[in-house]
Amino acid sequence: MFKNGFHKLLSNPITTIVVFAVFLRLIVFVLYQQILIISDSIDYIELADLISNWNLTGYDGKRSPGYPILLLFNSLATTVSLQILLGISTMVLVYKSLLLLRFDVKKALITTLFLCTFIHVIFYEFSILTESFTLFLFTLIVYLYLKDDNQNPSIKNWCYLSLLLGILILVKPFYFILPFVFYGFSAIQNFSIQTVFGRRLIILIAPLCCFIGWSYVNKLNTGYFVPTTFYGINTAQNCVYFAEKAPEEFHLIRDIYVKHRDDAIQNNKDVAMSIWYAYDELIDTSGLSFVDLSYQLNEFGKVLISENPKDYIQQVFISWIDFWKTAIYWDYNHFNVPHANKVFIGIWYVQSIVLVIFKIGFLLTFPFQLYRFAVSRKMTPELVLSTVIIITSIAQALVTYGTNSRYSYPFEFLMIILVLSCLSQSKFGKNLVSTSSKSN
């Protein structure tokens, strides 16, 4: 009876995934019934209001316009509904991507249903944050990349990839590096003048237009050609553990920053957020606007980093380690059903450990991918996608420190898939499958 039921699920895998994903979200909706709004959310809502009024004049450039598109309906409930639809669509794309990575239908379905159960993914959908949209876009990009024939890339497919990467950059400008990574690997794999300057360049067009275009809008409004005016905050965050070494010309920023950093350490607060703890005092004392303070913080950070490269490298390593951590965003104290939060925190405790194990597993399997490449001289999709994650982790550590797990979040499903793929291709995985087949 169980086998017959499972065969029915296998015969309609996408329906099974959709029904299971909807069921889990209904459970969360009934027990939770909250929409999480934090300071980041307020910034996105403010920009959405400006866009809806077709007037960006004087906007301070804190956020980019990609995510506020989901907020243009003037209803947070509608935004959450859209994010839930995107979340369900993401799971279908995950399943289709697994098939392209040579998972059979049974393994692909089981893996997708397993990934469906991670509750931090569902709670992001009930939050006014970029993560659900980012995860959907990145998963769709991976699916289209796997679907393409790299020997003879489809112009149509690469136009889609270019457009999606452009939208992703408008959601989170940090991911500006991704189109160049995909382009670089594609060009290197079949290296020639034609591949370097041929149709593969299409993938860079929309990302460059989006990045430059929004930076120009910020230039008009703020005087600074940057994708987001948070850039100075980000630079200063990477100097948090050696801020006291700043020269005297930055004494005002230095002294206030160090004071709040030491207070954060003493009171067991998040040290990475020290510049934000110092923000109000910096604004009041300096008399600068947010935009001009961010510029000064960027100058402060550049000087500190150039004069203290060893300290900076140590900070980058700390930031890189934090990239591999996990986090959940929810309103823990305001569940609709009493004590439901305690059940969910127990589930999350187990799942966070599982996620960390897979992330460690990913780091351990990456050398295996490199070894396979060295032996076969064949650049597999698994190697390309693994390297995309590694490069992103390093770039994030170089650029900023704080809320690092939100940068790694869109790659978590892919890490798990790549670990499972690597295991299935290893001798251990093949022996396990062989043993299982004999027992059946």
Side-chain angles (χ1 to χ4, degrees), residues 32 34-52 56 59-80 82-84 86-87 120-138 167-176 214 218 222 226-238 264 269-280 282-283 290-291 293-294 297 319 322-323 325-334 396 399-410 412:
Y32 187 50
Q34 301 292 330
I35 297 177
L36 180 67
I37 297 177
I38 61 175
S39 57
D40 288 3
S41 313
I42 295 170
D43 290 338
Y44 293 122
I45 293 169
E46 289 177 351
L47 179 53
D49 289 339
L50 292 174
I51 294 173
S52 65
L56 293 173
Y59 179 60
D60 62 10
K62 288 181 180 178
R63 300 295 175 184
S64 50
Y67 180 66
I69 291 172
L70 297 186
L71 297 165
L72 293 180
F73 300 94
N74 294 320
S75 167
L76 297 185
T78 302
T79 300
V80 168
L82 287 172
Q83 290 180 166
I84 289 171
L86 290 176
H120 69 314
V121 176
I122 300 174
F123 279 102
Y124 268 129
E125 294 168 16
F126 287 85
S127 306
I128 305 303
L129 294 169
T130 63
E131 274 62 35
S132 295
F133 195 20
T134 304
L135 177 60
F136 168 76
L137 288 171
F138 182 70
I167 296 171
L168 181 62
I169 288 165
L170 287 179
V171 175
K172 213 174 185 74
F174 165 77
Y175 294 120
F176 182 64
W214 184 247
N218 285 334
T222 69
V226 290
T228 167
T229 48
F230 278 118
Y231 71 107
I233 301 283
N234 296 336
T235 305
Q237 281 182 302
N238 256 346
K269 295 158 67 177
D270 186 358
V271 177
M273 296 293 108
S274 296
I275 193 64
W276 286 111
Y277 307 146
Y279 175 77
D280 288 338
L282 284 170
I283 287 288
F290 166 78
V291 172
L293 175 61
S294 186
L297 287 172
S319 186
D322 284 355
F323 178 87
K325 292 181 178 180
T326 61
I328 188 168
Y329 282 74
W330 56 6
D331 191 345
Y332 177 76
N333 295 314
H334 295 93
Q396 184 274 318
V399 171
T400 189
Y401 175 50
T403 61
N404 300 50
S405 61
R406 286 176 65 185
Y407 287 95
S408 68
Y409 169 75
E412 288 179 342

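Every heavy atom of this structure was used, including side-chain atoms; hydrogens, water molecules and symmetry mates were not.
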Colleague: Locate the shortest heavy-atom distance separating Pro227 from Asn218; write the atom from each residue and the value.
Modeller: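 So the two residues come closest at O-ND2, 3.2 Å.
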Colleague: With heavy-atom distances below 4.5 Å as the criterion, would you say the side chains of Ser41 and Leu129 are in contact?
Modeller: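 They are in side-chain contact.
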Colleague: Walk me through it: do Ile84 and Phe126 pass the test side-chain contact (heavy atoms from CB on, under 4.5 Å)?
Modeller: CA-CA 8 Å; Ile84 289 171; Phe126 287 85; 3.8 Å; yes
Colleague: Evaluate Asn74 against Asp49 for side-chain contact (heavy atoms from CB on, under 4.5 Å), listing each step before the verdict.
Modeller: CA-CA 8 Å; Asn74 294 320; Asp49 289 339; 4.3 Å; yes
Colleague: Could you check if a side-chain atom of Phe73 sits within less than 4.5 angstrom of a side-chain atom of Leu82, using non-hydrogen atoms only?
Modeller: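 Counting from C-beta outward, Phe73 and Leu82 do come under 4.5 Å.
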Colleague: Any side-chain to backbone donor/acceptor pair from Ser52 onto Leu72? Under 3.5 Å, distance only.
Modeller: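 No, Ser52 side chain to Leu72 backbone: no donor-acceptor pair under 3.5 Å.
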Colleague: For the side chain of Tyr32 and the backbone of Asp331, is there at least one donor-acceptor N/O pair under 3.5 Å apart?
Modeller: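 Yes, the answer is positive, given that a donor and an acceptor are paired below the 3.5 Å cut-off.
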Colleague: List the atom of Ser64, the atom of Leu170, and the distance in Å for their closest heavy-atom pair.
Modeller: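 Of all heavy-atom pairs spanning Ser64 and Leu170, the closest is OG-O, 2.6 Å.
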Colleague: Apply side-chain contact (heavy atoms from CB on, under 4.5 Å) to residues Lys172 and Glu131 and explain how you reach the verdict.
Modeller: CA-CA 10 Å; Lys172 213 174 185 74; Glu131 274 62 35; 4.1 Å; yes
Colleague: Show the numbers, then the answer: is there a side chain to side chain donor-acceptor pair (under 3.5 Å) between Gln237 and Thr400?
Modeller: CA-CA 6 Å; Gln237 281 182 302; Thr400 189; 3.1 Å; yes
Colleague: Are Arg63 and Asp40 packed together at the side-chain level, in the sense that at least one heavy-atom pair is separated by less than 4.5 angstrom?
Modeller: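 Answer yes - side chains close enough.
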Colleague: Please report the closest heavy-atom contact between Ile69 and Pro65, naming both atoms and the distance.
Modeller: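 Result for this residue pair: CG1-O, 3.4 Å.
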Colleague: First locate atom NZ of Lys325, then atom OG of Ser408, and finally report the distance between them rounded to the nearest 0.5 Å.
Modeller: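 Reported to 0.5 Å precision, the distance equals 11.0 Å.
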Colleague: Is the distance between the ring centroids of Phe230 and Trp276 under 6.0 Å?
Modeller: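 Ring centres of Trp276 and Phe230 closer than 6.0 Å.
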Colleague: Supply the atom-to-atom distance Glu412 CD to His120 NE2, rounded to the nearest 0.5 angstrom.
Modeller: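 Going from the CD atom of Glu412 to the NE2 atom of His120 covers 4.0 Å.
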Colleague: Any donor and acceptor pair, going by atom type alone, linking the side chain of Thr228 with main-chain N or O of Lys62 inside 3.5 Å?
Modeller: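 Checked: pair present.
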Colleague: Supply the atom-to-atom distance Leu282 CG to Asp280 CG, rounded to the nearest 0.5 angstrom.
Modeller: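 So the gap between those two atoms works out to 9.0 Å.
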Colleague: Does the pair Ile275 and Tyr279 meet the rule for a side-chain contact (heavy atoms from CB on, under 4.5 Å), with working shown?
Modeller: CA-CA 6 Å; Ile275 193 64; Tyr279 175 77; over 6 Å; no
Colleague: Would you say Ser127's side chain and Leu36's backbone share a donor-acceptor pair under 3.5 angstrom?
Modeller: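 Side chain of Ser127 to backbone of Leu36: no pair is present.
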Colleague: Working to the nearest 0.5 angstrom, can you tell me the gap between Ile128 CD1 and Thr79 OG1?
Modeller: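 If we round to the nearest 0.5 Å, Ile128:CD1 and Thr79:OG1 are 5.0 Å apart.
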Colleague: Could you give the distance from CG (Leu47) to CD1 (Ile42), rounded to the nearest 0.5 Å?
Modeller: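 Going from the CG atom of Leu47 to the CD1 atom of Ile42 covers 14.0 Å.
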Colleague: Ignoring hydrogens and geometry, is there a side-chain-to-backbone donor-acceptor pair from Gln34 to His334 under 3.5 Å?
Modeller: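 Checking the backbone N and O of His334 against the side chain of Gln34, a donor-acceptor pair under 3.5 Å is found.
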Colleague: Can you label the angle between the Tyr67 ring and the Phe133 ring as parallel, tilted or perpendicular, going by 30° and 60°?
Modeller: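 Rings of Tyr67 and Phe133: tilted, 30 to 60°.
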Colleague: Is the centre of the Tyr124 ring less than 6.0 Å from the centre of the Tyr409 ring?
Modeller: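 For Tyr124 and Tyr409, the ring centres are under 6.0 Å apart.
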Colleague: Nearest 0.5 Å please: distance from the CG atom of Asp60 over to the CG atom of Leu50.
Modeller: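 That separation rounds to 9.0 Å.
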Colleague: Would a distance-only check, ignoring hydrogens and angles, find a side-chain to backbone donor-acceptor pair under 3.5 Å from Thr134 to Pro410?
Modeller: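 No, the answer is negative, given that no donor and acceptor are paired below the 3.5 Å cut-off.
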Colleague: Any side-chain heavy atom of Thr222 within less than 4.5 Å of one from Phe290?
Modeller: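 No, side chains not in contact.
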Colleague: For the residue pair Trp214 and Tyr59, does the interplanar ring angle fall in the parallel (under 30°), tilted (30 to 60°) or perpendicular (over 60°) class?
Modeller: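 Trp214 and Tyr59: tilted rings.
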Colleague: Would a 4.5 Å heavy-atom cut-off, applied to side chains only, mark Leu297 and Thr235 as touching?
Modeller: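 Leu297 vs Thr235: side chains apart.
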